[in-house]
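In what follows, a single structure is set out as structure tokens and then discussed.
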Amino acid sequence: MIAIPGNVRVWLATGHTDMRRGFPSLARLVQESLKRDPHVGDLSVFRCRRGDLFKILCPDGPGACLFTTPRDRGRSLLSSLPAR
């Protein structure tokens, strides 16, 4: 389990994201769509079209981490959000 400090903001990207994207492409998406700096310390969460896979962009000091979280059972609440 990864502990998230209480002062970290979590940004959810509405709609779906191409899960073939890597860190540079997702960081550019954060800059252009969310108008946020991807290296500030906030978490950015992206989901695939089906809603069964998430990618989380997490700055980590001088670098960054990109986590992928598959869902094995059922669908999440985020899968019912309308695409924009």
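Position 1 is the first residue of the sequence; numbering continues from there.
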Check whether any side-chain heavy atom of [X] lies under 4.5 Å from a side-chain heavy atom of [Y], and answer yes or no.
{"X": "Leu34", "Y": "Leu29", "value": "no"}
{"X": "Phe23", "Y": "Ser25", "value": "no"}
{"X": "Leu43", "Y": "Val8", "value": "yes"}

Point to revise | Distance-minimising heavy-atom pair for Gln31 and Pro38 | key: CG-CD, 3.5 Å
Point to revise | Nearest atoms (heavy-atom pairs only) where Val30 meets Ser44 | key: CG2-OG, 3.5 Å
Review point. Under 3.5 Å, side chain of Lys55 to main-chain N/O of Leu66, donor-acceptor pair present?
Key: no
[X] [atom1] to [Y] [atom2] distance, which is reported to the nearest 0.5 Å:
{"X": "Met19", "Y": "Thr68", "atom1": "CE", "atom2": "OG1", "answer": "8.0 Å"}
{"X": "Leu12", "Y": "Phe54", "atom1": "CG", "atom2": "CZ", "answer": "9.0 Å"}
{"X": "Arg21", "Y": "Phe46", "atom1": "CZ", "atom2": "CZ", "answer": "8.0 Å"}
{"X": "Leu57", "Y": "Phe67", "atom1": "CG", "atom2": "CZ", "answer": "10.0 Å"}

**Study point:** With sequence neighbours excluded, residues passing side-chain hydrogen bond (donor to acceptor under 3.5 Å, both in side chains) with Arg9
**Key:** none
Exercise for review: Using the test side-chain contact (heavy atoms from CB on, under 4.5 Å), find all partners of Pro59 that sit at least two apart in sequence or belong to another chain.
Suggested key: none
Exercise for review: Please list all pairs passing the salt bridge (charged side-chain N to carboxylate O under 4.0 Å, His left out) test where one or both residues lie in residues 25-37, with sequence neighbours left out.
Suggested key: Arg36-Asp42
